[in-house]
Amino acid sequence: MIDAKLLRTELDAVAASLAKRGFELDKAAFIALEEKRKNLQVQTESLQAERNASAKNIGKAKAAGEDIQPLLAAVADLGEKLDAAKAELSQVQTRYQDLIANLPNLPHESVPVGKDEDDNLEVRRWGEQPSFAFEIKDHVDLGEKSGLLDFETAAKLTGARFNLMRGGIARLHRALAQFMLNTQVDEHGYEECNVPLIVNQDSLFGTGQLPKFSEDLFKLHADHEYYLIPTAEVPLTNIARDGILAADQLPVKLTALSACFRSEAGAYGKDTRGMIRQHQFEKVEMVQLVHPATSYAALEEMVGHAETILQKLGLPYRVITLCTGDMGFGASKTYDLEVWIPSQNTYREISSVSNCEDFQARRMQARFRNPETNKPELLHTLNGSGLAVGRCLVAVMENYQQEDGRIKVPEVLKGYMGGLEYV
RNA sequence: GGAGAAGUGGCCGAGUGGUCGAAGGCGUUCGCCUGGAAAGCGGAUAUACGGCAACGUAUCAAGAGUUCGAAUCUCUUCUUCUCCGCCA
């Protein structure tokens with residue numbers, strides 16, 4: 001959430017900043033609503049002050065044994081007036097909250113201004129794209145040839161955009177996940193977490209998926225308003241919700257391997273083939289809760305943590321800075337890692353690392369006690385994939401494929417594969 | 001799933017419907033004391049919104065209600081604890 005005070009005092013600057021992301025803020029409507037809210041609030045509060053004062057007088061008079069009937073008569077209609085004022089105020093406040101809750105985060109000044117993914121900026125490349133002396137296959141053909149990646153059966157079990165992995169591919173997928181999680185925990189100092197895959201609405205509001213993006217989520221139709229997590233960012237970040245951390249606890253670095261569930265209602269027709277875009281996938285997520293002064297250093301660090309995985313796997317990739325128009329709702333700045341996919345002759349997103357600054361922290365009231373002021377202040381939150389396991393499996397299969405259709409097991413995964421050299 | 005108890009500030013914990021934003025303690029912090037420290041003594045110490053300020057308003061798990069007035073009474077929901085049952 002954008003700071004309401006900033007919105008009031010620097011409306012033009014906020015609107016200009018949001019315009020860079022292609023978001024049009026209706027300034028006139030906001031000013032009108034704000035004016036109305038303020039008037040109603042002042043009016044309501046003065047009625048409440050009046051009520052409190054007379055209630056106090058009645059109390060005193062009663063204690064002194066005086067006749068309170070005249071006093072009661074004097075405030076007879078106050079309750080009704082107050083109720084009416086309160087009702088009107090809460091209506092306006094709800095509209096005001098809705099408006100603010102639906103505003104995306106302000107982009108950081110270092111983010112390139114642009115309309116869509118074509119305006120993203122490549123930062124660096126790593127690794128060499130492999131050359132093959134034979135006709136290469138994509139991961140779908142490779143998987144179906146061996147029978148170890150079975151989309152047809154998955155469609156029977158559930159429906160489109162699910163997959164069934166078996167045998168060596170299932171093992172390779174698990175090996176990748178374990179390798180990633182171990183690396184983030186053992187080498188990069190994250191605390192391993194095992195999180196609920198089902199969360200409530202408050203958590204989804206906190207990280208920004210609700211109220212605006214409910215159609216991307218799987219909702220459970222039970223008594224509770226529960227949803228399947230679209231990413232472990234939701235439970236991990238919400239650990240800090242409604243809490244105040246001591247300054248010496250920072251930075252908090254959390255990681256989790258989890259299944260993720262995305263409805264992606266708007267994505268039909270995109271990446272229909274293979275396991276690039278699925279309703280269910282696994283991901284190792286990294287989250288950091290940091291002092292505001294260090295969040296941009298933490299962002300660079302986290303990109304490095306994600307890059308480590310690809311480097312150890314020997315997968316070529318590039319790092320790009322998302323432009324203002326391509327960033328997610330809650331991000332101030334985002335780097336994407338894109339891995340080389342030979343069959344598509346292009347780089348595809350495999351990780352996204354974002355600094356949300358205080359945007360999520362404000363929504364969830366996640367704070368730390370600043371020793372300089374001794375006051376609770378909002379944290380900065382960051383999240384990033386380290387990495388998406390399914391897409392990484394695709395990259396490994398395609399980059400490590402052999403002429404006979406087998407997959408060579410990357411060196412770092414051999415220990416996880418019982419020493420197996422090929423799948 | 002059944003029965004009972006409970007949710008109050010950073011933490012613990014008191015609170016007969018009225019002067020309670022809330023005693024007391026711990027913690028934190030400032031000052032005194034000291035060669036320095038500990039102990040001791042004195043002060044400060046929730047958050048948000050409005051206001052230059054004085055101050056006002058809201059918040060005692062959440063929501064609704066009763067009342068001139070609710071931390072306190074009623075209802076609903078959530079959470080925690082204890083006992084019983086069931087279960088991986």
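The basis for the numbers below is simple: all heavy atoms, side chains too, and nothing from hydrogens, waters or symmetry mates. These numbers come from a predicted model, not from an experiment. A, B, ... follow the sequence lines: proteins, then strands. Residue 1 opens every chain.
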* To do: Could you please name the option among B/G18, B/A58, B/C49 that lies closest to any side-chain atom of A/Lys5?
  => B/C49
* To do: Can you figure out which of B/U57, B/G10, B/G18 approaches the side chain of A/Glu45 most closely?
  => B/U57
* Atom-to-atom span, CD of A/Glu34 to P of B/G50 - whole angstrom -> 8 Å
* **Strand RNA chain B as a dot-bracket string - pairs counted if Watson-Crick or G-U with both distances under 3.5 Å, | where the partner lies in another strand** => ((((((((.[[[..)..(.....]]]((((((.......))))))(((((....))))).[[[[[..)....]]]]])))))))....
* Specify the separation, in whole Å, of atom CZ of A/Arg241 and atom P of B/U79. => 13 Å
* **Contact check, side chains of A/Pro107 and A/Ser17, non-hydrogen atoms, under 4.5 Å** => yes
* Nucleotide nearest A/Lys62 when distance is taken to its side chain, options B/G10, B/U57, B/G18 -> B/G18
* Structure fact -> Given the options A/Glu398, A/His139, A/Lys137, A/Ser343 meets side-chain hydrogen bond (donor to acceptor under 3.5 Å, both in side chains) only with A/Glu398
* **A/Gln249 CD to B/U28 P, straight-line distance once rounded to whole Å** => 15 Å
* Asked: A/Tyr400 ring centre to A/Lys408 NZ or CZ under 6.0 Å, with the angle to the axis within 45°?
  -> no
* ring pair (Phe, Tyr, Trp, His ring centres under 6.0 Å), paired with A/Phe329, selected from A/Phe213, A/Phe23, A/Phe205 -> A/Phe213
* Please say which of A/Val353, A/Leu322, A/Thr321, A/Asp326 ends up in a side chain to side chain contact (heavy atoms under 4.5 Å, CB included) with A/Thr334. => A/Leu322
* Give a yes or no on whether a donor-acceptor pair under 3.5 Å exists between the nucleobase atoms of B/G50, that is its base, and the side chain of A/Gln41. => no
* Checking side chain to side chain contact (heavy atoms under 4.5 Å, CB included) against A/Phe179, which of A/Asn182, A/Leu181, A/Thr183 comes through? -> A/Thr183
